Amino acid sequence: MGKLSPTGVKAAKRPGRLGDGDGLFLIVGTSGAKSWVCRVQKHGRRRDIGLGSASKVSLALARERAREVRSWVERGLDPVFEKRKAGGIPTFREAALKVHAANRKTWRNEKHEAQWLRTLELFAFPTLGNIRVSEITGPMVRNVLAEIWLSKPETARRVRQRIGAVLDWAFSAGYRETETPMRSISKGLPRQPKQSGHFEAMPYSQVPAFLQRLQERESFSRLALEFAILTAARSGEVRGAAWSEIDLKGGTWTIPAARMKANREHAVPLSAPALKVLERCAELRTADEILVFPGSRPKQPMSDMTLTKLLRDMKLTCTAHGFRSSFRDWASEETETQGEVAEASLAHAIKDKTEAAYRRGNLYQKRRALMDLWGTYCSAS
């Protein structure tokens with residue numbers, strides 16, 4: 001027979017914990033809200049398992065749930081996992097959608113957000129999508145990855161990370177009894193071929209002649225590539241450039257933190273050749289266009305393959321991103337610019353926190369001088 005009664009539960013007002021016996025407690029909060037918990041202990045570990053609000057769970061039902069929890073513990077089962085199981089364990093697809101939604105505010109951009117789910121739709125959902133997360137084993141994950149591990153190594157690594165994120169969420173939410181051994185799964189796969197990890201770059205000595213060839217073309221893709229070279233900016237930063245970010249009079253392009261890889265606002269000094277590109281874009285601009293380099297679809301940036309296609313049409317194997325390396329090599333070999341100025345011009349994050357704190361300035365005036373020199377060099381005939 002318990003110590004509490006339905007009348008006593010209803011009358012309880014003072015904040016605190018009222019015991020009914022056998023680990024069942026009524027918790028009265030400072031706001032007056034009441035809830036049930038069952039305290040259990042196994043192998044010296046004490047846990048409080050929530051049983052619901054007293055406004056919805058009667059004393060009789062709370063006692064019944066407490067007996068069930070104690071039974072689970074005696075049988076060596078995890079009460080949290082068993083509660084989740086009784087309430088319905090999500091499939092891998094359902095869990096992935098929950099993880100995707102929970103991280104919506106953390107995505108770097110819409111493209112990354114879409115890619116995260118798209119890779120799972122293509123490579124994980126066909127096999128794992130309808131399986132409950134509690135039933136997914138290491139070999140299942142390994143078999144999914146094995147299909148693309150050698151043929152699509154970079155994609156496979158991303159799929160591995162994203163499957164791991166979903167199953168980690170499932171474990172932390174109580175839907176899995178154990179964590180997934182992602183490290184062991186990776187060891188069970190063949191060694192991927194090594195890649196240099198670098199984008200193919202054009203030797204900086206060839207850049208001026210290349211720009212002359214490029215200027216023979218008339219298109220937004222040509223203007224975007226030329227602007228990317230002259231500013232040493234990333235392709236995505238250039239393709240997403242908006243007129244609201246451009247200060248033609250001040251000769252500055254301010255990229256907001258949301259569009260930067262390091263999530264920090266970056267001010268790009270614009271040389272005379274770079275401003276000339278913008279002036280041509282302004283001449284071609286339609287009345288309501290917000291993008292500096294619009295794509296083929298209204299109010300949409302050009303795709304990430306546009307600049308690559310332009311280079312391939314010109315029979316070149318280098319990449320748009322590789323011109324950042326061309327700029328860096330030129331700055332090191334042809335100028336007396338300090339390395340930190342060149343790195344700041346590329347908007348590279350400073351990994352050492354002490355050094356980053358010491359160097360809080362963005363070296364803007366020194367970067368402007370460097371970009372002016374680069375613009376002059378690129379424009380030489």
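In what follows, residues are counted from 1 in the order of the sequence shown. This is a predicted model, so every value here is computed, not measured.
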Quick one: [atom1] on [X] to [atom2] on [Y], what's the gap to the nearest 0.5 Å?
X	Y	atom1	atom2	answer
T91	L128	OG1	CG	10.5 Å
C38	R47	SG	CZ	11.0 Å
M202	L311	CE	CG	7.0 Å
E340	T337	CD	OG1	11.0 Å
T127	F92	OG1	CZ	10.5 Å
L4	L59	CG	CG	6.0 Å

Could you tell me whether the side chain of [Y] reaches within less than 4.5 Å of the side chain of [X], counting heavy atoms only?
X	Y	answer
L373	M371	no
E147	K152	no
L122	V159	no
L120	W116	yes
P294	Q300	no
V37	L24	no
R93	N130	yes
I229	F327	no

Ignoring hydrogens and angles, state whether a donor on the side chain of T7 or S5 is under 3.5 Å from an acceptor on the partner side chain.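 No, no side-chain donor-acceptor pair sits under 3.5 Å.
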Whether the S303 and T306 side chains hold a donor-acceptor pair (N or O, under 3.5 Å, no angle test) is what I'd like checked. yes
Lys/Arg N to Asp/Glu carboxylate O, [X] vs [Y], below 4.0 Å:
X	Y	answer
E113	R104	yes
R67	E64	no
E237	K261	no
K3	D20	no

What are the two closest heavy atoms between [X] and [Y], and how far apart are they?
X	Y	result
R367	V268	NH1-CA, 4.3 Å
C378	V207	SG-CG1, 3.9 Å
A62	V57	N-CG1, 3.7 Å
L310	L225	CD2-CD2, 3.8 Å
G375	L230	CA-CD2, 4.3 Å
I131	I136	CG2-CG1, 3.8 Å

Could you walk me through whether K366 and Q338 satisfy the side-chain contact (heavy atoms from CB on, under 4.5 Å) test, starting with their C-alpha distance in whole Å, then the side-chain angles of each, then the deciding distance to 0.1 Å, before giving a yes or no? CA-CA 9 Å; K366 291 182 179 180; Q338 294 174 306; 3.6 Å; yes
Which donor-acceptor pairs under 3.5 Å do the side chains of residues 178-187 make with protein atoms, sequence neighbours left out?
| residue | atom | partner | partner atom | Å |
| --- | --- | --- | --- | --- |
| T180 | OG1 | R176 | NH2 | 3.3 |
| S186 | OG | R160 | NH1 | 2.8 |
| S186 | OG | M182 | O | 3.1 |

Under the side chain to side chain donor-acceptor pair (under 3.5 Å) test, which residues partner [X], sequence neighbours left out?
X	value
E336	none
R328	S332, E343
S326	none
K309	D313

Derivation of the side-chain contact (heavy atoms from CB on, under 4.5 Å) call for L307 and M302: CA-CA 9 Å; L307 302 187; M302 58 184 66; 4.2 Å; yes
With distance as the sole test, does [X] use its side chain to make a donor-acceptor pair with the main-chain N or O of [Y] at under 3.5 Å?
X	Y	answer
R324	L346	yes
R222	E216	no
S379	T376	no

Among pairs that include at least one residue of residues 23-35, which meet side-chain hydrogen bond (donor to acceptor under 3.5 Å, both in side chains), considering only residues two or more places apart or in two chains?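 Matches after skipping sequence neighbours: none remain.
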Does E135 CD have over 12 foreign heavy atoms under 6.0 Å away?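 Atom CD in E135 is packed in, count exceeds 12.
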Partners of P190 by side chain to side chain contact (heavy atoms under 4.5 Å, CB included), sequence neighbours excluded?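 Residues passing side chain to side chain contact (heavy atoms under 4.5 Å, CB included) with P190: W149, L150.
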Answer yes if V99 and L97 sit in the same cluster of Ile, Leu, Val, Met, Phe, Trp and Tyr residues linked by side chain heavy atoms under 4.5 Å apart, and no otherwise. yes
Let's go through M314 and L214 carefully: what are the C-alpha distance in whole Å and the side-chain angles of both, what is the deciding distance for side-chain contact (heavy atoms from CB on, under 4.5 Å) to 0.1 Å, and is it a yes or a no? CA-CA 9 Å; M314 298 180 72; L214 186 63; 3.9 Å; yes
Residues at least two apart in sequence or cross-chain that pass ring-ring contact (aromatic ring centres under 6.0 Å, His included) with F227, listed by chain then number, are W253, F293
Partners meeting ring-ring contact (aromatic ring centres under 6.0 Å, His included) with W36 (sequence neighbours left out):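 Here no residue qualifies.
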Could you point out which residue of K276, Q215, R217 forms a side-chain hydrogen bond (donor to acceptor under 3.5 Å, both in side chains) with E226?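 Only match with E226 under side-chain hydrogen bond (donor to acceptor under 3.5 Å, both in side chains): Q215.
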Which other residues end up in the same hydrophobic cluster as M305, if Ile, Leu, Val, Met, Phe, Trp and Tyr are linked when side-chain heavy atoms come under 4.5 Å apart? none
Linking directly or through intermediates, with side-chain heavy atoms under 4.5 Å: list the remaining ILVMFWY members grouped with I290, chain and number order.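 Joined to I290, directly or through intermediates: L291.
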Qualifying salt bridge (charged side-chain N to carboxylate O under 4.0 Å, His left out) pairs, either residue in residues 280-293, two or more places apart: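 Matches after skipping sequence neighbours: E218-R280, R280-E283, D288-K299.
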Centroid separation F210 to F323 less than 6.0 Å: yes
Please assess T308 against R312 for the test side-chain hydrogen bond (donor to acceptor under 3.5 Å, both in side chains), listing each intermediate value before the final yes or no. CA-CA 6 Å; T308 300; R312 299 300 171 266; 5.5 Å; no
Walk me through whether T252 and Y364 qualify under side-chain hydrogen bond (donor to acceptor under 3.5 Å, both in side chains). CA-CA 10 Å; T252 303; Y364 183 80; 2.6 Å; yes
Can E245 and T254 be said to form a side-chain hydrogen bond (donor to acceptor under 3.5 Å, both in side chains), step by step? CA-CA 5 Å; E245 301 169 0; T254 305; over 6 Å; no
Evaluate the ring planes of Y377 and W330, with Trp represented by its six-membered ring, and classify them as parallel (under 30°), tilted (30 to 60°) or perpendicular (over 60°).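 Taking W330 first and then Y377, their aromatic rings sit tilted (interplane angle of 30° to 60°).
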